[in-house]
Asks: 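Have a look at this one.
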There are 2 protein chains.
Amino acid sequence: MEKPATIPLTAVNLRTACTQCNLKELCLPVGLDDVDLERIDGLITARKKVKRQQHLYRAGEPFEAIYAIRTGFFKTDILTEDGRDQVTGFQMAGEILGLDGISTDRHVCNAVALEDSDVCMIPFERLEELSRRIEPLQRQFHKFMSREIVREQGIMMLLGSMRAEERLAAFLINLSQRMRLRGYSASEFHLRMTREEIGSYLGLKLETVSRAFSKFQDDGLISVHQKHIQILDADGLRRLIGRANV
Amino acid sequence: MEKPATIPLTAVNLRTACTQCNLKELCLPVGLDDVDLERIDGLITARKKVKRQQHLYRAGEPFEAIYAIRTGFFKTDILTEDGRDQVTGFQMAGEILGLDGISTDRHVCNAVALEDSDVCMIPFERLEELSRRIEPLQRQFHKFMSREIVREQGIMMLLGSMRAEERLAAFLINLSQRMRLRGYSASEFHLRMTREEIGSYLGLKLETVSRAFSKFQDDGLISVHQKHIQILDADGLRRLIGRANV
DNA sequence: CGACTTATTGACAATAGTCAACACTCGTGG
DNA sequence: CCACGAGTGTTGACTATTGTCAATAAGTCG
């Protein structure tokens, strides 16, 4: 398989790598002064283009950088020796990849592009160094890590206490909210992943996912045509999630 | 419910709070020079004693500190509005509590002592400040956060792809390994949590947990008497986990 | 000791998984 | 440009696993 293309930044666009980026309010702390902003521009040393189905990194590879997604869509997954294979997350533009690698200095999971994507490479040593000097950056980085912990706790809740349809409803609501956050339509979108990948993420078999989609369509909650999804009744989906066996 | 007792440290034991602690190799980076060690002693401002069934903190409370467990045993759990309730982790001596609070400046989960416990309170502002000055401390802290991310990924794998008996086997093996790491017997121990709490953690009902325990006993893998567990065939348990539907 | 919580076990029900057939989509090459 | 084929998605019939309900036993704490 091909390697992703690395585009080293020239002195010129180094200078404006982050300060000009329209995702910067997602990556960077607000209220930095000019000096700090200039320093931060040196944080991104390279961009990478990753084509659909290419790996951004693989489990076991040395960990050197985390990645901010500029455009595109990724999945992360883990493959254990005994043949288990599970998707641990789907990431879209404005989100961060690779935080799990810090723990052992090696990547724990694989990151695979589900569509042609474009990422900023943030060398971790440099991030640590800068965050020692720029307090708001340090704070922001810690929040990112903590947010990842909380996100995973949410999935633990989902996997541990929801039934199939509740899981899929929660998945759709979550995806929809993140789409809106990035400026896309929250009610109509194209799934980048297969039923099997959704199932793997939700702890379900692909047939169960497919049936749940059909059920939602029959109930008038969504409209499905293969990967194209339209959410017709978001509140209905939300009500589905909110029905624990109290 | 009573509040946990806070014991402010005097100038004298401030000085030796961490450097004398026999858990320091778990909390602190190795190879610090004397000056750094002295600074780090100022990191811990208080100890808390938490009695069985008392909360160390509750979801929604302002986040101010993380906690290192000196002695004892905790669970963390989340209670959602719709009545779902799930244990997200069990923590023992030498482990860190509260990292999820960084994300929103409020605790996300409840931390409850399952036996009388003793914790070090590490004010987060001070930790951030010190880790800006002491690089190895910064590094160590980042590894702690990342390790928590990886731990949760492990649970996602467990919840998403294992069957009841595999989950319980994985749980026992994990507990056993952590016991050994802290210097306790890895083959014989007392469970601090109920079947229901184990079930909640593993995404199973308590009856299923109980049945799996009985099954393991019938198969000669363990010996169970209520909360007292003896592991007779750790490799047998490990084989159970390693049987994915390849 | 006695009330309460926790654990075990059985019978039955519900949910999701398995296996299999078929339909749809998309990309490739004739 | 169309046809073919691999990959993906849908649906049905049946099975396995886990959950539910209930009765009983065993511990625990005041």
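Heavy-atom basis, side chains included; hydrogens, waters and symmetry copies ignored. Lettering of chains follows the sequences in order, A, B, ..., and the numbering in each one begins at 1.
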Asks: Round to the nearest Å and state the distance from B/Leu168 atom CG to D/dT17 atom C1'.
Replies: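 Distance check: B/Leu168 CG to D/dT17 C1' gives 16 Å.
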
Asks: Please state how far atom CG in B/Leu159 lies from atom P in D/dT18, giving the value in whole angstrom units.
Replies: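 Rounded to whole Å, this separation is 13 Å.
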
Asks: Write down the distance between NZ (B/Lys205) and C1' (C/dT6), rounded to a whole number of angstrom.
Replies: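 Taking atom C1' of C/dT6 as the reference, NZ of B/Lys205 is at 16 Å.
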
Asks: Would you please name every residue forming a ring pair (Phe, Tyr, Trp, His ring centres under 6.0 Å) with A/Phe189, sequence neighbours left out?
Replies: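 A/Phe189 satisfies ring pair (Phe, Tyr, Trp, His ring centres under 6.0 Å) with no residue once adjacent residues are dropped.
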
Asks: With sequence neighbours excluded, what pairs up with B/Phe73 under the ring pair (Phe, Tyr, Trp, His ring centres under 6.0 Å) test?
Replies: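 B/Phe73: no ring pair (Phe, Tyr, Trp, His ring centres under 6.0 Å) contacts found.
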
Asks: Between the two ends of the helix from C/dC1-D/dG30 to C/dG30-D/dC1, what is the bend in degrees, rounded to 10 degrees, where each end axis spans five pairs?
Replies: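 Answer for the end axes of this duplex: 50°.
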
Asks: Looking at the side chain of B/Thr194, which of C/dT18, C/dT15, C/dA7 is the nearest nucleotide?
Replies: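 Selected nucleotide: C/dA7.
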
Asks: In whole angstrom, give the distance that lies between atom CD of B/Gln53 and atom C1' of C/dT5.
Replies: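 The distance from CD of B/Gln53 to C1' of C/dT5 comes to 11 Å, rounded to the nearest Å.
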
Asks: My understanding is that only residues two or more places apart in sequence, or in another chain, count here; which of them pass side chain to side chain donor-acceptor pair (under 3.5 Å) with B/Asn174?
Replies: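 Applying side chain to side chain donor-acceptor pair (under 3.5 Å) to B/Asn174 gives B/Arg178.
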
Asks: Would you kindly give the CZ-to-C1' distance between B/Arg163 and C/dT18, to the nearest whole Å?
Replies: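 Those two atoms, CZ and C1', are 12 Å apart.
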
Asks: Applying ring pair (Phe, Tyr, Trp, His ring centres under 6.0 Å), name anything that partners B/Tyr67, two or more places apart in sequence or on another chain.
Replies: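 In terms of ring pair (Phe, Tyr, Trp, His ring centres under 6.0 Å), with neighbours along the sequence ignored, B/Tyr67 is linked to B/Tyr57.
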
Asks: Expressed as a whole number of angstroms, how long is the span from A/Ile198:CD1 to D/dT10:C1'?
Replies: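 Computing the A/Ile198:CD1 to D/dT10:C1' distance gives 14 Å.
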
Asks: Does a salt bridge link A/Arg151 with A/Glu148, judged by any charged N lying under 4.0 Å from a carboxylate O?
Replies: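 Looking at A/Arg151 and A/Glu148, the cut-off is met.
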
Asks: For residues 100-109 of chain B, pull every pair meeting side-chain hydrogen bond (donor to acceptor under 3.5 Å, both in side chains), keeping only residues two or more places apart or in separate chains.
Replies: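 Counting only pairs at least two positions apart or across chains, the side-chain hydrogen bond (donor to acceptor under 3.5 Å, both in side chains) contacts touching residues 100-109 of chain B are A/Lys143-B/Asp105.
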
Asks: Mind checking what makes side chain to side chain donor-acceptor pair (under 3.5 Å) contact with B/Glu64, not counting sequence neighbours?
Replies: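 Once residues adjacent in sequence are excluded, B/Glu64 has no partner under the side chain to side chain donor-acceptor pair (under 3.5 Å) criterion.
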
Asks: For ring-ring contact (aromatic ring centres under 6.0 Å, His included), just list the numbers for B/Phe74 and B/Phe90, CA-CA rounded to whole Å, side-chain angles, deciding distance to a tenth of an Å, and then say yes or no.
Replies: CA-CA 6 Å; B/Phe74 284 82; B/Phe90 297 108; over 10 Å; no

Asks: Give the residues of residues 208-227 of chain B touching DNA chain D, defined as any heavy atom closer than 4.0 Å, sorted by residue number.
Replies: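 Going residue by residue through residues 208-227 of chain B, the ones with a heavy atom under 4.0 Å of DNA chain D turn out to be B/Thr208, B/Arg211, B/Gln226.
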
Asks: Under 6.0 Å from the ring centre and within 45 degrees of the ring axis: does the NZ or CZ of B/Arg182 meet both conditions for the six-membered ring of B/Tyr184?
Replies: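 No, cation not above the ring by the 6.0 Å, 45° rule.
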
Asks: According to salt bridge (Lys or Arg N to Asp or Glu O under 4.0 Å), does anything in residues 190-200 of chain B pair up with another residue at least two apart or in another chain? List the pairs.
Replies: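 Residue pairs passing salt bridge (Lys or Arg N to Asp or Glu O under 4.0 Å), neighbours aside: B/Lys75-B/Glu197, B/Glu115-B/Arg192.
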
Asks: Strictly under 3.5 Å: I want the nitrogen or oxygen pairs between protein and nucleotides 1-4 of chain C, one per line.
Replies:
none

Asks: Touch check for B/Leu204, heavy atoms < 4.0 angstrom, all strands: base, sugar-phosphate only, or nothing?
Replies: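 Sugar-phosphate: the residue B/Leu204, judged by heavy atoms under 4.0 Å, touches backbone atoms but no base.
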
Asks: Report the nucleotide, chosen from D/dT10, D/dC29, C/dG17, that has the shortest atom-to-atom distance to any side-chain atom of B/Arg52.
Replies: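 Among the listed nucleotides, the one closest to the side chain of B/Arg52 is D/dC29.
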
Asks: Round to a whole Å and report the spacing from CE of A/Met162 to C1' of C/dT15.
Replies: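 That distance rounds to 17 Å.
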
Asks: Apply side chain to side chain donor-acceptor pair (under 3.5 Å) to A/Thr88 and list each qualifying residue two or more places apart in sequence or on a separate chain.
Replies: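 Residues passing side chain to side chain donor-acceptor pair (under 3.5 Å) with A/Thr88: A/Thr76.
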
Asks: Just checking B/Gly199: base, sugar-phosphate only, or nothing, at a heavy-atom cut-off of under 4.0 Å?
Replies: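 Since no nucleic acid heavy atom lies under 4.0 Å of B/Gly199, the category is nothing.
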
Asks: Taking for each residue the nucleotide of DNA chain C bearing the nearest heavy atom, is the 5' side occupied by A/Ala164 or by A/Glu207?
Replies: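 Between the two, 5'-proximity favours A/Ala164.
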
Asks: Taking only residues two or more places apart in sequence or in another chain, which ones pass side chain to side chain donor-acceptor pair (under 3.5 Å) with B/Lys24?
Replies: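 In terms of side chain to side chain donor-acceptor pair (under 3.5 Å), with neighbours along the sequence ignored, B/Lys24 is linked to no residue.
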
Asks: To the nearest angstrom, how far is B/Met193 atom CE from C/dT5 atom C1'?
Replies: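 My rounded result for the distance is 17 Å.
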
